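Quick notes on the structure that follows.
No hydrogens, no waters, no symmetry mates; every other heavy atom, side chains included, goes into these values. A quick note: this is a predicted structure, and the numbers were derived from the prediction, not measured. In what follows, every chain begins at residue 1, and chains take the letters A, B, ... in the order their sequences are listed.
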Protein chains: 2
Amino acid sequence: MSPRGQVRNEQMRAEALEKITSAALEVFAEYGYKGATMKQITKVSGLSYGLVYYYFPSKERIFRHLIDFAFESSIFALNTAMDVPGTAWEKIENLSTILVRNALSGESSLYFLIMLQAMTQGKSIPGLLDYVVKRSEAYYEKLVPVIIQAQKSGEAVKGDPVVLAAAYFSFVQGLATLVFQGKGMEKKIIPEILINVLRKGGQEK
Amino acid sequence: MSPRGQVRNEQMRAEALEKITSAALEVFAEYGYKGATMKQITKVSGLSYGLVYYYFPSKERIFRHLIDFAFESSIFALNTAMDVPGTAWEKIENLSTILVRNALSGESSLYFLIMLQAMTQGKSIPGLLDYVVKRSEAYYEKLVPVIIQAQKSGEAVKGDPVVLAAAYFSFVQGLATLVFQGKGMEKKIIPEILINVLRKGGQEK
DNA sequence: GTCTATACACTGATAGAC
DNA sequence: GTCTATCAGTGTATAGAC
């Protein structure tokens, strides 16, 4: 109850939460929502069964929490890339570099796997798929105006910009599956490959 | 035991197998391996619990059976596209058309979802992920020599052809996730978008 | 061959001691 | 706040009648 005690408590709380979310991130990304068990999560986190449920009311809530965090940090990265001054095409190049870096290496790659798992298994949780789809759309539609601009300047391919944006982010999710192959192939992917999806080809129609 | 009886039995057997595999394909594609339950599969197939187990020894075997079929038909489609006469680049264009058609519409799209589910949840079944990765590699490596040839003729982008092949098929898997969004977006994807991954850009380095 | 009923294991979640 | 032990529900698989 003393001020000092409160600070200590909050620190412990923060540490426990960190252990749980980081363990859950790892296990969910690897095994999917249904495939992951609370037992695995408790084991990886090093905490007991009861303590995990002291901080989170359910397995589903942990998963949703990770999904929300994944989207928020993705949107932040997207905005960062879009906000740098430059032409529309330069923004696309910039975004592609960031996405390749984030989706395919380090801890942030786990968040892309979480989004992929949410998409492929969303139907196992009532209402989740709709939620994920809605957030995904809001996410990739931020790219649409940039594509339109890049089409006008003749650097981006022609075609429905919404479809192109959807295809572009689908590609990122597809690339994330390379992580599962465990051969390090994902590290060999260069931003150029992703950029190419939107780049105008050599020959005109 | 009579000849006539045997024929009838085999026909019934074939029908039951068809009902089971087609129901399992649908349910597994939608919910993933762990998310799908035998109860769902029996319900969709219209058959009883016991009968499904009369034809398949386990849930895992049904899933593996579908995976094998998915790979075999994919390889068949790949070979078909590669065998038509023409330049290397024309083969890539041809393959892309077939893949976009197969992966994104009709029943064959379910097989692409099965491969995606196997990849994202492979760790839930001991040994499965290794198996899937190995088959995937054998699959997309058939594209490597064609890419090399198309690079020589100057139509394909430069870069490690193995990485390009991996990226190309990752894209297809990523596009398959559009089916989950249920907005019909996947039907708007045109082969051009897929081809663009391998096409050489306008500007040289 | 086909079914229903059930065994058995596992998993998410809770209770209650400390 | 943290733990262990346990409950209730679900899921795969089997047994046994027809």
Lys/Arg N to Asp/Glu carboxylate O, R64(A) vs E60(A), below 4.0 Å: yes
Touch class at under 4.0 angstrom, heavy-atom based, for T37(A) against every strand present: sugar-phosphate
Parallel, tilted or perpendicular: rings of F169(B) and Y140(B) (30°, 60°): parallel
Between C1' of dT10(D) and NZ of K43(B), the distance in whole Å: 16 Å
Nearest-Å distance for atom pair CD/P, residues E10(B) and dG1(C): 9 Å
F28(B) and Y33(B) aromatic ring geometry - parallel, tilted or perpendicular at 30°/60° bounds: parallel
Between dA15(D) (P) and Y54(B) (OH): distance, integer Å: 15 Å
Protein-nucleotide distance (K59(B), atom NZ; dT12(D), atom P), rounded to Å: 4 Å
Among dA13(D), dA13(C), dG1(D), the one nearest Y49(B) by side-chain distance: dA13(D)
Atom pair distance, as rounded to whole Å: CG in L47(B) and C1' in dC3(C): 11 Å
Which residue lies more 5' along DNA chain C, comparing G50(A) with K34(B) via nearest heavy atoms: K34(B)
Upstream residue (5' side of DNA chain C) when K39(A) and R13(B) are each assigned their closest nucleotide: R13(B)
Distance in angstrom units between R61(B) CZ and dA13(D) P, rounded: 11 Å
Closest to side chain of M38(A), choosing from dG12(C), dG1(D), dT12(D): dG12(C)
Short N-O contact, E192(A) and R199(A), less than 4.0 angstrom: yes
Of the listed nucleotides dA13(C), dT2(C), dG1(D), the one nearest the side chain of S58(A): dA13(C)
Length of the OH-C1' vector between Y33(A) and dT11(C), whole Å: 11 Å
Nearest-angstrom distance from the residue atom OH of Y31(B) to P of dG11(D): 12 Å
Of the listed nucleotides dG1(C), dT2(D), dT14(C), the one nearest the side chain of Y53(A): dT14(C)
Sugar-phosphate only, base, or nothing, as touched by F56(B) at under 4.0 Å among non-hydrogen atoms: nothing
Side-chain donor-acceptor pair present, Y139(B), R135(B), cut-off under 3.5 Å: no
